[in-house]
Amino acid sequence: MKYFLAIETSCDETAAAVFTEEPKILSNIVASQTDLHARFGGVVPEVAARAHLQRLLPVIDEALNQAGVRLNQIGCLAVHNTPGLVGALLVGVSAAKMLALALQVPLVSANHIESHIYACRLAADREIFPCVGLVVSGGHTCLFHCKSALDFDLLGATLDDAAGEAFDKVGSILGLGFPGGPAVEREAAGGNPETHRFPRSFLKEDRLDFSFSGLKTAVLYTVCGKDLSRAATTLTKEDRANLAASFQQAAVDVLVEKSRQALRRTGLKCLAVGGGVAANRCLRAALEHMASEEGAELFIPPMKLCTDNAAMAAVAVEKWRRQQWAPADLDAVPSYVIAK
C-alpha cells in the first residue's frame, strides 16, 4: 500500500493529511489561525506565514500519529503550491521538498482551487467526472467544465470580489467580526431575506462571470449612507439580521443561477461544489433544490472538507498514477491564471 503525506499552507490554515492511493483518507489535521487574525479583521500574510512555520511540523506529526503511519513509510509527498499567499505557500512547498528529498520519494504538486472540486470526489467515494465545478471561497469564485480530475476548462469567474471575500467584508460592515462568512450566516438565520432588494449582478445575462463588489457596496450604503455619515452602531439587532439575510440571499441567488446556466450550457448532469462558502447552509439548500429541478446530481463535501484542508490534495493520487512528478525546483505560485 502506498502512503501519501499532503501539506496545505496556502492561506491561514496549517494542515496535513495522510491518505492511500485508493484514495482513502487516514488522517486530516487542520490548525486554524482565526484567533491570530481576528483582531485585524482579516488575514495578515506575514502573520500567517510565521504561524505556519511554528505549527507545520507538529501538525504533520499529529497527522502521522492519527493515521498510524511512520514517516519512513511515506511513499509520496503532495503539496498545494498554487494559488495563495506567497509567503504562506513557501512554507509548505519548502517543507514538502525537504521531506521528499530526505525520504527519497516523489513530490507531487496540487492546485488548491482544483483540489476543492476533488474534495467532492473524496466525499462521494466514487467517480464524479465529467462535471460542472463551482469553487466558492474567500479568494476565488469560479465555474469550470471539469472533464477529469486533472483537466479543467474555466467557464467563468468573478471580475472583482470573490463570494467569500464579500461575506467577510459585509461581516465587517455589520460589525459581526472575523471570519465574516459564518458570522453573516448566523445573523441571517434570524432575518428576513426580502427586507432589502440588493443587486444580483449578471443574474439573467448569458455569461458565466460573477461580480460581488456592487453587492457589498450596496450593503455599505444601506448601513452608512452614500456619504458614509451613519455609523453601523445605530443598527438594531433586527436591522442587522435583515441586512445579513438579504445580502446572503442575493449572493446565493447568483451562485445558484450561474450554476444552473453552466449545467445547461455544457449539457452535463453533475455539479460539484467546493470551497469555504460551500459550507453555507442556505447555499447548500438552494443548490439541492436547483439540481433537483434540473435533474442533475449534486456533490458537496461535508463541512470539514469545504474549508481549507490537506486531504483534498489527494488529487495528487491522479498525478502519481500518471507519474507526473513535480520538479526539484518547484516554487510557490500565488496567482491562479487560467485561460478561458
Side-chain angles (χ1 to χ4, degrees), residues 11-12 32-48 85 136-142 157-205 207 209-258 275-286 307:
C11 190
D12 62 334
S32 174
Q33 298 180 15
T34 300
D35 56 330
L36 298 179
H37 301 283
R39 66 191 180 100
F40 300 108
V43 176
V44 180
E46 182 62 21
V47 172
L85 303 174
V136 273
S137 68
H140 300 84
T141 302
C142 311
T158 183
L159 304 181
D160 39 61
D161 291 352
E165 184 181 2
F167 269 88
D168 282 341
K169 289 178 177 177
V170 168
S172 177
I173 292 167
L174 298 179
L176 300 176
F178 176 83
V184 168
E185 182 180 7
R186 286 193 298 271
E187 198 72 19
N192 179 359
E194 302 298 324
T195 305
H196 303 278
R197 185 64 185 176
F198 288 132
R200 290 151 168 80
S201 297
F202 311 143
L203 184 66
K204 296 302 181 182
E205 293 186 27
R207 58 190 297 185
D209 292 317
F210 303 89
S211 173
F212 295 101
S213 180
L215 172 57
K216 167 208 67 185
T217 302
V219 176
L220 176 64
Y221 286 169
T222 302
V223 172
C224 302
K226 290 189 177 181
D227 59 357
L228 305 183
S229 61
R230 292 196 302 270
T233 53
T234 61
L235 293 174
T236 65
K237 181 173 179 57
E238 182 181 5
D239 290 337
R240 192 173 280 107
N242 288 338
L243 284 160
S246 299
F247 159 78
Q248 178 177 258
Q249 191 61 57
V252 166
D253 285 350
V254 172
L255 291 167
V256 171
E257 181 58 27
K258 291 304 170 185
V277 181
N280 182 282
R281 291 173 179 82
C282 178
L283 175 61
R284 294 167 82 97
T307 51

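- Between Lys204 and Glu257, some side-chain heavy-atom pair lies under the 4.5 Å cut-off.
- Side-chain atoms of Asp160 come within 3.5 Å of backbone atoms of Phe212 as a donor-acceptor pair (strictly under, hydrogens ignored).
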Check step by step if side chain to side chain contact (heavy atoms under 4.5 Å, CB included) holds for Val170 and Leu176. CA-CA 8 Å; Val170 168; Leu176 300 176; over 6 Å; no
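- More than 12 non-hydrogen atoms from other residues, nucleotides or ligands lie less than 6.0 angstrom from CD of Glu205.
- Here the side chain of Arg200 pairs no donor or acceptor atom with the backbone of Ala251 at under 3.5 angstrom.
- Checked by atom type and distance alone, the side chain of Thr195 pairs as donor or acceptor with a backbone atom of Asn192 at under 3.5 Å.
- Val47 and Gln33 get closest at one heavy-atom pair: O-OE1, 4.3 Å.
- Inter-residue side-chain proximity for Val254 and Ser201 is flagged as unmet; no heavy-atom pair is nearer than 4.5 Å.
- Residue Arg230 comes nearest to Gly225 through the heavy atom pair NH2-N, 3.4 Å, listed as atom of the first residue, atom of the second, then distance.
- Side-chain contact between Asp209 and Thr158 is absent, with no heavy-atom pair separated by less than 4.5 Å.
- Side-chain rings of Phe178 and Phe40 stay apart, their centers remaining 6.0 Å or farther from each other.
- Other residues, nucleotides and ligands place more than 12 heavy atoms under 6.0 Å from the CZ atom of Arg207.
- For Ser137 against Ala162, the heavy-atom pair with the smallest separation is O-CB, 3.6 Å.
- Across Ala278 and Arg284, no two heavy atoms sit closer than the pair O-NH1, 2.9 Å.
- To the nearest 0.5 angstrom, Leu243 atom CG is 9.5 Å from Ile173 atom CD1.
- Rounding to the nearest 0.5 angstrom, the gap separating the NZ atom in Lys237 from the CG atom in Asn242 is 11.0 Å.
- A donor atom on one side chain and an acceptor atom on the other are not found under 3.5 Å apart for Ser213 and Ser211.
- Listed for the Asp161 side chain is no donor-acceptor partner under 3.5 Å among the backbone atoms of Ala166.
- Pro193 approaches Gly191 most closely through the heavy-atom pair CD-O, 3.6 Å.
- In terms of modelled atom types and a separation under 3.5 Å, the side chain of His196 and the main chain of Ser246 share no donor-acceptor contact.
- Distance check, rounded to the nearest 0.5 Å: CZ of Phe198 to OG1 of Thr222 gives 4.0 Å.
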Could you go through Thr236 and Arg240, starting from their C-alpha distance and side-chain angles, then the distance that decides it, and tell me whether this counts as side chain to side chain contact (heavy atoms under 4.5 Å, CB included)? CA-CA 6 Å; Thr236 65; Arg240 192 173 280 107; over 6 Å; no
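- The distance from atom CZ of Phe167 to atom CG of Asn280, rounded to the nearest 0.5 Å, is 5.0 Å.
- Side-chain N or O atoms of Asp168 include one that pairs as donor or acceptor with a backbone N or O of Gly180 at under 3.5 Å.
- In terms of modelled atom types and a separation under 3.5 Å, the side chain of Thr141 and the main chain of Ala163 share a donor-acceptor contact.
- A side-chain donor-acceptor contact under 3.5 Å links Glu185 to the backbone of Arg281.
- Side-chain N or O atoms of Asp253 include none that pairs as donor or acceptor with a backbone N or O of Ala250 at under 3.5 Å.
- Considering every non-hydrogen atom in both Val184 and Phe247, the closest pair reads CG1-CD2, 4.0 Å.
- Remark: side-chain polar atoms of Lys258 are paired, donor with acceptor, to backbone N or O of Phe202 under 3.5 angstrom.
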